[in-house]
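The block underneath contains the structure these notes are about, expressed in C-alpha cells.
This structure is a prediction, so every number in the text was calculated from the model and none was measured.
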Amino acid sequence: MVYALLVRSNNAAADRALVDALPDLDSGFQDVALDTLIQRNRPAGLARVVAAYPDWTNSLRQRVVARAEVLSAGLRLAVDSDSADTRLAAVEIIQRGNCAKCAYLLANALTRPCPKTRRAAGQAIEQLVTDFLDRSSQPERATAAELASQRRALAGAVRQAMNCWSAHRRTEVVRAAMWLAEDLEDVILARVAQPRLKLSRVFEESLRGRLDPHMAAYAVRALQVPELRGPVAAWIGNCMDDVTMVAVLDNLWLAGDVEVYRALSSIRRLAWLENGIGPLLDLTGSRAESAAILVGSSGLPNEAKVGLLESMARSGPAGLARAAVWQLVANRTREASETLREIARHASGDASRLAGRELKRRERAGLLSADLVPPSGANPAPVELNTFDAYWAAFDRLDEARQTQVGLRLRDQRHDFDRLLRQKLASADAADRSLGVRLVRRLGLYAAFDTLLFALAYDADARVRSAVVRALGHMDNPTSRRILSTALHDPDARVQANAIEALDGLEASQYQSVVRDKLASPNGRVRANAVKMLLKLELHEAVDALLNMLQGAARSDRLSALWVIECLRLESLTDRLVDLAQNDLDPQVRRRAMQVARTVGVEIAPAAAPAIEEAVP
C-alpha cells in the first residue's frame, strides 16, 4: 500500500522515497517504480537514481542500464555533479547501456577537473564507437536508419571531445575520431594544424601496429596532411591484410582530390603486392580502378611499379586490366612505353586496343624518344631532369652514378638548389627529410648542410636518424663524434648499427668500451657491426662473440657472422667456413658460406644436402 501511494504521489518527495525504496522492492515493483520515475521525468529524481546506482545489486543496476536513453535528464545532472562517484556512475550507465544518444554527456565529462572522470569518459567514448562499428558490420542487428542516427550522435560527441582536447588529452578520443574520420575529417585536420596541441604524434601512436580496416578512412584522408603523411604512408605500405587493404581501396575515391592523389607518391612500399598481384585478381568495379591508381601513383621504384601494372594488364580481369593500362598511359617513362608495346602484342580485349592507341599517340607526339627516366645504362642527364623538383622525384629511380652526376650539374646551374634542399630537410614529412639526408650524402654536401644534419640526428623518426648517422660517418669532427656516441644508445637498432659502422669508418677507437656493450645486443646486425669494429682493435671478446654467432641457432646470426668474415677476410676461420658450407642444415647459410669461402680464397667442394633439409623453412 505504501509503495502504491508513492507511485500515485506525483511530487519530488515521493520521487526520493521511491529511489530509496527501490533496493527493497520485488523485481516487478522495481520495474514499476523505475518506469514511474522515468514517466515523471524530473531531472532531480532521475539524478538520484544515477547517484544510488553504484550501491545497488547487479540485477537492479541492469534494469537501470536498460533504461539509459530515457534517463538522459538525470544523467545530464549526474555528469555535472560535484560527486566523483555520481559522475562515474553516469558514465558507466551510458557505456553499459550503449547509449549513443547520451554520448555528448561523455564529452561534457571530459572537461571535469577530475582525472578519474576524464579517464572513464574517454574509455566510454572509445567503447561506444567500437560497439557501433561492430553493429555496423552486422546489419541484421540494426536498421540502416538506426545506424545512421547512432553514427550522427557518436560523431557529434567525438567532435565535441576533440574540440576540447587540451582539457583532457585522452588518446581514446583520438582513436574514436580516427574510426569516424569520414564524419570528422575537418576537425581532425583543424586540430593537427595547431602545433601547440602536438596531436600529430598521438595520431601516429594510435595508428602504429593496428591492422584495422576501420582506420582506412582516416589513413587515406591523412595523406594530404604533411604532419601525418609519413606514418600513414608507412602504415599503408607495410599492410599485408586483405580486409584492411580493400578498405583502403574503398576510400581511394578521395584520390580525385589532387592533394590526396599527389600524396600517394609518399607510399614507397606495397607489402600487400610484394608476392605478386594475387590479392587483386578478384577485384571488380571501383576497387579494381582504385588498385591501379594506388600502384600507378605510388612512390614505388618505376621498374617495380610498371611491372605490377603489366601483370595487372596481362593477367587480371577485364576491369583491372583496363585500369592498369590507363595508369601506364599516364606514366611517361621509357619502361612504360616498352610495357605498352608488350601489352599491345600479347594481351587481349580492351587492354590490348587501348595500349595500341596510346603507342600511336606517343609516336605522333614524339614521346617515345623523350622519356623522363631512361633505363639503366642509357645516356645520363636527360633534358627533363633540369629542375630540382624533377631530380627529386626521379632520385630513387636513378643509379648512383647518375644521382651524383645530375645532382652536381643541377647545383651548379640552379641558384636555388640549396634553398629547395633545405626546405626538404625541414619538411614535416619524415620521408622527405630522410630522402634529403640521402641526397646530401650522395652529393657530399656535408659542409653546406652540417647544422641541419646535426639537428636531424635527434629527429623523431628513426629512418631520418638512421640516414643522418650514416652521413655523419663522413664528417670527422667533435660534434659528429659526440652525436654518433649518443646514437649508440638509440632505441632503434638500425640507428645503433649505423652509428657503430660510422665510428668504425672514423677509426674512433676511444668508443670501444661503449661498442663492447653491443656484443650482447639482441639485434644481429648491431652485434655484427660491433664484432667487425672490435676485431680490428684486437679485442678477444669480439672473437668469442663471432664464434658464438657462427654457432647460433638463428639463421640471421650465422649469416651476419659470415658477413664479418667476408668483410675482414678472416682466413683463420676457414675450417668454420667449410663446416658451414657442407653441414649446415639451412641451404641459404650453406650457399653463403661457399660464397664467402671463395672471397677469402678457399675452394670448397659442395657436399650433399643434409637429409633434414626438407624440414628447414
Has the side chain of [X] got a donor or acceptor atom that lies under 3.5 Å from a matching backbone atom of [Y]?
{"X": "Q224", "Y": "V260", "result": "no"}
{"X": "E205", "Y": "V202", "result": "no"}
{"X": "E227", "Y": "A428", "result": "no"}
{"X": "R229", "Y": "L223", "result": "yes"}
{"X": "R314", "Y": "E310", "result": "no"}
{"X": "R558", "Y": "G552", "result": "yes"}
{"X": "S265", "Y": "R262", "result": "yes"}
{"X": "R268", "Y": "G299", "result": "no"}
{"X": "K305", "Y": "S298", "result": "yes"}
{"X": "S290", "Y": "S286", "result": "yes"}

Item to complete: Output, in order, the C-alpha distance, side-chain angles, deciding distance and verdict of side chain to side chain contact (heavy atoms under 4.5 Å, CB included) for C239 and V248.
Response: CA-CA 10 Å; C239 179; V248 170; over 6 Å; no
Regarding [X] and [Y], does a basic nitrogen lie under 4.0 Å from an acidic carboxylate oxygen?
{"X": "R341", "Y": "E338", "answer": "no"}
{"X": "E274", "Y": "R269", "answer": "yes"}
{"X": "D492", "Y": "R465", "answer": "no"}
{"X": "E501", "Y": "R525", "answer": "yes"}
{"X": "D183", "Y": "R151", "answer": "yes"}
{"X": "R527", "Y": "D557", "answer": "yes"}
{"X": "D412", "Y": "R409", "answer": "no"}

Practice prompt. For side chain to side chain contact (heavy atoms under 4.5 Å, CB included), just list the numbers for W235 and T244, CA-CA rounded to whole Å, side-chain angles, deciding distance to a tenth of an Å, and then say yes or no.
Written response: CA-CA 11 Å; W235 183 81; T244 301; 3.5 Å; yes
Please tell me if the side chains of [X] and [Y] come closer than 4.5 Å, counting only heavy atoms from C-beta onward.
{"X": "P231", "Y": "R208", "answer": "no"}
{"X": "I277", "Y": "S315", "answer": "yes"}
{"X": "R422", "Y": "R419", "answer": "no"}
{"X": "V437", "Y": "R441", "answer": "no"}
{"X": "L453", "Y": "M475", "answer": "yes"}
{"X": "N498", "Y": "L472", "answer": "no"}
{"X": "M245", "Y": "I236", "answer": "yes"}
{"X": "F203", "Y": "V232", "answer": "no"}

For [X], I'd like to know if atom [atom1] has over 12 heavy atoms of other residues, nucleotides or ligands within 6.0 Å.
{"X": "R463", "atom1": "CZ", "value": "yes"}
{"X": "N238", "atom1": "CG", "value": "yes"}
{"X": "E303", "atom1": "CD", "value": "no"}
{"X": "W563", "atom1": "CH2", "value": "yes"}

For [X] versus [Y], what's the shortest heavy-atom pair and its separation?
{"X": "L359", "Y": "A344", "answer": "CD1-CB, 4.1 Å"}
{"X": "T387", "Y": "L410", "answer": "O-CD1, 3.6 Å"}
{"X": "R411", "Y": "A448", "answer": "NH2-CB, 3.9 Å"}
{"X": "L328", "Y": "A336", "answer": "O-CB, 4.0 Å"}

At what distance, to the nearest 0.5 angstrom, does [atom1] of [X] lie from [atom2] of [Y]?
{"X": "L340", "Y": "R357", "atom1": "CG", "atom2": "CZ", "value": "12.0 Å"}
{"X": "L320", "Y": "L281", "atom1": "CG", "atom2": "CG", "value": "7.5 Å"}
{"X": "L252", "Y": "E289", "atom1": "CG", "atom2": "CD", "value": "11.5 Å"}

Discussion item. With no hydrogens and no angle check, just 3.5 Å: does a side-chain donor-acceptor pair link T333 and N331?
Written reply: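 T333 vs N331: donor-acceptor pair found between side chains.
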Discussion item. Can you classify the ring geometry of F388 versus F417 as parallel (below 30°), tilted (30 to 60°) or perpendicular (above 60°)?
Written reply: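 F388 and F417: perpendicular rings.
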Item to complete: With side chain to side chain contact (heavy atoms under 4.5 Å, CB included) as the test, would you mind laying out the steps for L280 and L308 before giving the verdict?
Response: CA-CA 11 Å; L280 304 180; L308 281 171; over 6 Å; no
Worksheet item: Checking side chain to side chain contact (heavy atoms under 4.5 Å, CB included) for the pair V295/Q327: CA distance, chi angles, key distance, verdict?
Response: CA-CA 8 Å; V295 172; Q327 289 301 310; over 6 Å; no
Worksheet item: side chain to side chain contact (heavy atoms under 4.5 Å, CB included) with L425: which of L456, V464, V468, L420?
Response: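 Per the side chain to side chain contact (heavy atoms under 4.5 Å, CB included) rule, the option paired with L425 is L456, out of L456, V464, V468, L420.
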